[in-house]
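Reckoned from all heavy atoms, side chains included, excluding hydrogens, waters and symmetry mates. Numbering of ligands and ligand atoms starts at 1, following listing order. Owing to the predicted nature of the structure, the values given are computational and were not obtained by experimental measurement.
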Amino acid sequence: MLTFNDLIVAFETLGLQNKPVIAHASLHSFGRVEGGADSVITSLMYTTGAFIMPTHTYKTMVTPASGPANNAVNYTRGQQWNRLSEPYRPDMPADRMMGVIPDSIRHWPEAARSMHPILSFSGIRADKILKSQTIEEPFAPLRALVEQDGWVMLIGVDHTVNTSIHFAEKLAGRKQFVRWALTESGTVTCPGFPGCSAGFQVIEPEVRSFTKSVKVGEATVLALPLRALMIRVIELIKKDRYALLCDRSDCERCGEVRKM
Ligand SMILES: [Zn+2]
(Lines give C-alpha, C1' and ligand atoms only; values in the text may rest on other atoms or scores of the structure.)
Protein backbone atom coordinates (compact mmCIF):
# COMPACT_ATOMS: atom_id res chain seq x y z
CA MET A 1 0.00 0.00 0.00
CA LEU A 2 1.29 3.49 -0.88
CA THR A 3 1.76 6.00 1.91
CA PHE A 4 1.34 9.75 1.95
CA ASN A 5 5.17 9.96 2.05
CA ASP A 6 5.53 7.92 -1.17
CA LEU A 7 3.26 10.42 -2.94
CA ILE A 8 5.17 13.46 -1.64
CA VAL A 9 8.55 12.01 -2.64
CA ALA A 10 7.27 11.25 -6.17
CA PHE A 11 5.46 14.58 -6.72
CA GLU A 12 8.50 16.53 -5.44
CA THR A 13 10.66 15.20 -8.26
CA LEU A 14 8.46 17.15 -10.72
CA GLY A 15 9.76 20.47 -9.30
CA LEU A 16 6.39 22.26 -9.08
CA GLN A 17 6.82 23.63 -5.53
CA ASN A 18 6.43 27.24 -6.69
CA LYS A 19 4.10 26.66 -9.65
CA PRO A 20 0.31 26.86 -9.87
CA VAL A 21 -1.06 23.62 -11.28
CA ILE A 22 -4.24 22.18 -12.76
CA ALA A 23 -4.38 18.53 -11.73
CA HIS A 24 -6.44 15.67 -13.14
CA ALA A 25 -6.27 12.48 -11.12
CA SER A 26 -7.54 8.94 -10.77
CA LEU A 27 -7.25 7.57 -7.23
CA HIS A 28 -7.78 4.06 -8.53
CA SER A 29 -4.68 4.35 -10.77
CA PHE A 30 -2.24 4.19 -7.82
CA GLY A 31 -3.39 0.84 -6.50
CA ARG A 32 -4.12 1.25 -2.77
CA VAL A 33 -3.28 4.54 -1.04
CA GLU A 34 -3.27 4.96 2.73
CA GLY A 35 -5.67 7.83 3.49
CA GLY A 36 -7.20 7.71 0.00
CA ALA A 37 -8.16 10.96 -1.77
CA ASP A 38 -7.19 13.10 1.23
CA SER A 39 -3.58 11.86 1.01
CA VAL A 40 -3.41 12.86 -2.66
CA ILE A 41 -4.80 16.33 -1.92
CA THR A 42 -2.42 16.89 1.01
CA SER A 43 0.50 15.75 -1.18
CA LEU A 44 -0.51 18.28 -3.84
CA MET A 45 -0.67 20.99 -1.14
CA TYR A 46 2.92 20.17 -0.11
CA THR A 47 4.40 19.87 -3.59
CA THR A 48 2.74 22.62 -5.69
CA GLY A 49 2.46 26.39 -5.31
CA ALA A 50 -1.33 26.21 -5.74
CA PHE A 51 -3.65 23.80 -7.49
CA ILE A 52 -7.09 23.53 -9.05
CA MET A 53 -9.07 20.55 -10.31
CA PRO A 54 -12.26 20.42 -12.44
CA THR A 55 -15.39 19.92 -10.30
CA HIS A 56 -17.83 20.01 -13.20
CA THR A 57 -21.55 19.39 -12.61
CA TYR A 58 -23.19 18.19 -15.84
CA LYS A 59 -26.36 17.26 -13.96
CA THR A 60 -27.37 20.96 -13.98
CA MET A 61 -27.69 20.97 -17.77
CA VAL A 62 -31.06 21.58 -19.43
CA THR A 63 -32.17 21.80 -23.06
CA PRO A 64 -34.46 24.65 -24.17
CA ALA A 65 -37.22 24.22 -26.79
CA SER A 66 -35.03 25.94 -29.36
CA GLY A 67 -31.55 27.41 -29.66
CA PRO A 68 -28.72 28.08 -32.09
CA ALA A 69 -28.29 25.75 -35.08
CA ASN A 70 -25.04 23.74 -35.56
CA ASN A 71 -24.79 23.44 -31.78
CA ALA A 72 -24.63 19.63 -31.45
CA VAL A 73 -27.96 19.68 -29.59
CA ASN A 74 -31.15 17.88 -30.58
CA TYR A 75 -33.58 20.29 -28.93
CA THR A 76 -36.60 18.00 -29.16
CA ARG A 77 -34.86 14.89 -27.90
CA GLY A 78 -32.80 16.77 -25.29
CA GLN A 79 -35.86 18.17 -23.52
CA GLN A 80 -37.04 14.76 -22.35
CA TRP A 81 -34.05 14.65 -19.94
CA ASN A 82 -34.79 18.05 -18.36
CA ARG A 83 -36.82 16.49 -15.53
CA LEU A 84 -33.60 14.82 -14.30
CA SER A 85 -31.69 18.14 -14.07
CA GLU A 86 -30.85 19.64 -10.68
CA PRO A 87 -30.30 23.35 -10.00
CA TYR A 88 -26.66 24.25 -9.31
CA ARG A 89 -25.62 24.96 -5.73
CA PRO A 90 -22.06 25.89 -4.69
CA ASP A 91 -21.96 22.81 -2.44
CA MET A 92 -23.17 20.46 -5.18
CA PRO A 93 -20.88 17.40 -5.49
CA ALA A 94 -18.75 17.18 -8.61
CA ASP A 95 -19.95 14.59 -11.12
CA ARG A 96 -18.79 11.08 -10.36
CA MET A 97 -16.96 10.92 -13.70
CA MET A 98 -14.58 13.59 -12.32
CA GLY A 99 -13.34 11.01 -9.79
CA VAL A 100 -13.36 11.14 -5.99
CA ILE A 101 -10.30 13.38 -5.59
CA PRO A 102 -11.73 16.69 -6.94
CA ASP A 103 -14.87 16.25 -4.88
CA SER A 104 -12.81 15.75 -1.71
CA ILE A 105 -11.14 19.17 -2.14
CA ARG A 106 -14.41 20.84 -1.27
CA HIS A 107 -14.20 19.55 2.30
CA TRP A 108 -10.90 21.37 2.95
CA PRO A 109 -11.46 24.56 4.98
CA GLU A 110 -9.08 26.59 2.78
CA ALA A 111 -10.61 25.33 -0.50
CA ALA A 112 -12.52 27.58 -2.90
CA ARG A 113 -14.75 26.85 -5.89
CA SER A 114 -15.29 28.96 -9.01
CA MET A 115 -18.72 30.19 -10.07
CA HIS A 116 -19.74 28.30 -13.22
CA PRO A 117 -22.92 26.18 -12.84
CA ILE A 118 -21.53 23.46 -15.17
CA LEU A 119 -17.76 23.97 -15.56
CA SER A 120 -16.58 24.91 -12.05
CA PHE A 121 -13.07 24.29 -10.71
CA SER A 122 -12.08 23.86 -7.07
CA GLY A 123 -8.67 24.52 -5.62
CA ILE A 124 -6.41 25.42 -2.75
CA ARG A 125 -4.33 28.65 -2.55
CA ALA A 126 -5.77 29.49 -5.99
CA ASP A 127 -8.53 31.97 -5.09
CA LYS A 128 -7.47 34.58 -7.65
CA ILE A 129 -7.25 31.98 -10.43
CA LEU A 130 -10.72 30.63 -9.54
CA LYS A 131 -12.25 34.13 -9.32
CA SER A 132 -11.24 34.86 -12.92
CA GLN A 133 -14.01 32.55 -14.23
CA THR A 134 -17.14 34.10 -15.77
CA ILE A 135 -20.17 32.65 -17.56
CA GLU A 136 -18.80 34.07 -20.83
CA GLU A 137 -15.29 32.70 -20.25
CA PRO A 138 -15.49 29.34 -18.46
CA PHE A 139 -11.79 28.61 -19.12
CA ALA A 140 -10.49 31.94 -17.75
CA PRO A 141 -8.82 30.04 -14.85
CA LEU A 142 -6.66 28.30 -17.47
CA ARG A 143 -5.76 31.67 -18.98
CA ALA A 144 -4.72 32.82 -15.49
CA LEU A 145 -2.63 29.66 -15.03
CA VAL A 146 -0.84 30.18 -18.37
CA GLU A 147 -0.07 33.79 -17.40
CA GLN A 148 1.45 32.54 -14.12
CA ASP A 149 3.62 29.88 -15.83
CA GLY A 150 1.30 27.16 -14.60
CA TRP A 151 1.60 23.44 -15.23
CA VAL A 152 -0.81 20.59 -15.81
CA MET A 153 -0.47 17.32 -13.85
CA LEU A 154 -2.01 14.11 -15.22
CA ILE A 155 -2.04 11.70 -12.29
CA GLY A 156 -2.79 8.22 -13.59
CA VAL A 157 -4.92 9.65 -16.42
CA ASP A 158 -4.22 10.54 -20.06
CA HIS A 159 -4.79 13.58 -22.26
CA THR A 160 -8.45 12.66 -22.94
CA VAL A 161 -9.22 14.43 -19.62
CA ASN A 162 -6.76 17.30 -20.16
CA THR A 163 -9.13 20.31 -19.95
CA SER A 164 -6.34 22.72 -20.89
CA ILE A 165 -6.39 21.36 -24.45
CA HIS A 166 -9.96 22.72 -24.72
CA PHE A 167 -8.69 26.19 -23.85
CA ALA A 168 -6.01 25.90 -26.57
CA GLU A 169 -8.69 24.79 -29.07
CA LYS A 170 -10.63 27.95 -28.28
CA LEU A 171 -7.48 30.09 -28.72
CA ALA A 172 -6.92 28.38 -32.08
CA GLY A 173 -10.38 29.55 -33.17
CA ARG A 174 -12.13 26.20 -32.99
CA LYS A 175 -15.93 26.20 -32.76
CA GLN A 176 -17.39 26.50 -29.22
CA PHE A 177 -20.91 25.50 -28.24
CA VAL A 178 -23.77 26.93 -26.16
CA ARG A 179 -25.27 25.00 -23.27
CA TRP A 180 -27.82 25.82 -20.56
CA ALA A 181 -27.72 25.29 -16.80
CA LEU A 182 -30.44 25.22 -14.21
CA THR A 183 -29.67 27.47 -11.22
CA GLU A 184 -31.70 28.56 -8.21
CA SER A 185 -32.41 31.85 -10.04
CA GLY A 186 -33.52 30.24 -13.30
CA THR A 187 -31.91 28.93 -16.48
CA VAL A 188 -28.53 30.43 -17.41
CA THR A 189 -27.13 30.42 -20.97
CA CYS A 190 -23.53 29.20 -20.94
CA PRO A 191 -21.52 30.08 -24.08
CA GLY A 192 -17.94 28.92 -24.66
CA PHE A 193 -18.78 25.27 -24.03
CA PRO A 194 -16.01 23.01 -25.38
CA GLY A 195 -16.09 20.21 -27.93
CA CYS A 196 -15.26 16.55 -27.39
CA SER A 197 -11.99 15.39 -25.80
CA ALA A 198 -12.06 11.70 -26.85
CA GLY A 199 -9.39 12.32 -29.53
CA PHE A 200 -6.93 14.25 -27.34
CA GLN A 201 -4.48 11.41 -26.67
CA VAL A 202 -2.85 11.95 -30.10
CA ILE A 203 -1.13 14.99 -28.53
CA GLU A 204 1.09 12.69 -26.41
CA PRO A 205 4.03 12.19 -28.84
CA GLU A 206 3.83 15.89 -29.78
CA VAL A 207 4.47 17.03 -26.20
CA ARG A 208 6.69 14.19 -24.97
CA SER A 209 9.91 16.22 -25.28
CA PHE A 210 8.75 18.63 -22.56
CA THR A 211 6.69 16.22 -20.41
CA LYS A 212 8.12 15.23 -17.02
CA SER A 213 7.13 11.82 -15.73
CA VAL A 214 7.36 9.87 -12.48
CA LYS A 215 6.01 6.50 -11.48
CA VAL A 216 4.32 6.07 -8.07
CA GLY A 217 2.75 2.75 -7.20
CA GLU A 218 0.93 1.63 -10.33
CA ALA A 219 0.32 5.19 -11.55
CA THR A 220 2.33 7.28 -13.97
CA VAL A 221 2.25 10.98 -13.13
CA LEU A 222 2.91 13.42 -15.99
CA ALA A 223 3.61 17.14 -15.71
CA LEU A 224 3.68 19.61 -18.61
CA PRO A 225 4.18 23.38 -18.76
CA LEU A 226 0.85 24.86 -19.88
CA ARG A 227 2.27 27.51 -22.19
CA ALA A 228 4.26 24.98 -24.24
CA LEU A 229 1.21 22.68 -24.41
CA MET A 230 -0.99 25.58 -25.64
CA ILE A 231 1.52 26.50 -28.35
CA ARG A 232 1.78 22.90 -29.57
CA VAL A 233 -2.03 22.41 -29.73
CA ILE A 234 -2.51 25.69 -31.60
CA GLU A 235 0.25 24.76 -34.10
CA LEU A 236 -1.39 21.36 -34.68
CA ILE A 237 -4.84 22.85 -35.34
CA LYS A 238 -3.38 25.53 -37.65
CA LYS A 239 -1.70 22.75 -39.64
CA ASP A 240 -4.72 20.40 -39.65
CA ARG A 241 -8.13 21.83 -38.84
CA TYR A 242 -9.40 18.37 -37.86
CA ALA A 243 -6.53 17.68 -35.44
CA LEU A 244 -7.51 16.15 -32.05
CA LEU A 245 -11.09 15.30 -33.13
CA CYS A 246 -12.35 11.81 -32.28
CA ASP A 247 -13.02 8.97 -34.76
CA ARG A 248 -16.61 8.24 -33.76
CA SER A 249 -18.86 8.81 -36.77
CA ASP A 250 -21.81 9.63 -34.47
CA CYS A 251 -19.94 12.23 -32.36
CA GLU A 252 -22.12 15.33 -32.64
CA ARG A 253 -19.61 17.91 -31.43
CA CYS A 254 -16.67 16.63 -33.55
CA GLY A 255 -19.14 16.44 -36.47
CA GLU A 256 -20.01 20.14 -36.09
CA VAL A 257 -16.33 21.12 -35.93
CA ARG A 258 -15.68 19.16 -39.16
CA LYS A 259 -18.62 20.92 -40.89
CA MET A 260 -17.19 24.38 -40.22
ZN1 LIG B 1 -15.77 13.51 -30.67
Exercise answer: donor-acceptor pairs, residues 227-238 side-chain atoms, under 3.5 Å, sequence neighbours excluded:
from, atom 1, to, atom 2, distance (Å)
Arg227, NH2, Val146, O, 3.0
Arg232, NE, Glu206, OE1, 3.4
Arg232, NH1, Glu235, OE1, 2.6
Arg232, NH2, Glu206, OE1, 2.6

query: What is the number of protein N, O or S atoms that sit under 2.8 Å away from the Zn ion (ligand 1)?
result: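 For the Zn ion (ligand 1), the figure is 4.
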
message: Applying salt bridge (Lys or Arg N to Asp or Glu O under 4.0 Å), can you list everything that pairs with Lys215, at least two apart in sequence or on another chain?
response: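 With neighbours one apart ignored, the set is empty.
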
- request: Tell me, please, which residues at least two apart from Lys175 pass salt bridge (Lys or Arg N to Asp or Glu O under 4.0 Å).
  value: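 If we apply the salt bridge (Lys or Arg N to Asp or Glu O under 4.0 Å) test to Lys175, skipping adjacent residues, there are no hits.
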
- prompt: If you count the non-hydrogen atoms of other residues, nucleotides and ligands that lie under 6.0 Å from OH in Tyr58, is the total more than 12?
  reply: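 Yes, because the 6.0 Å sphere around OH of Tyr58 holds more than 12 heavy atoms from other groups.
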
message: Among Phe139, Tyr88, Phe193, Phe121, which residue satisfies the ring pair (Phe, Tyr, Trp, His ring centres under 6.0 Å) criterion with His56?
response: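 Of the listed options, the one satisfying the test is Phe121.
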
message: I want to check something: taking the side chain as every heavy atom from C-beta on, are Asp158 and Glu204 in contact at a cut-off of under 4.5 Å?
response: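 No, their side chains stay 4.5 Å or more apart.
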
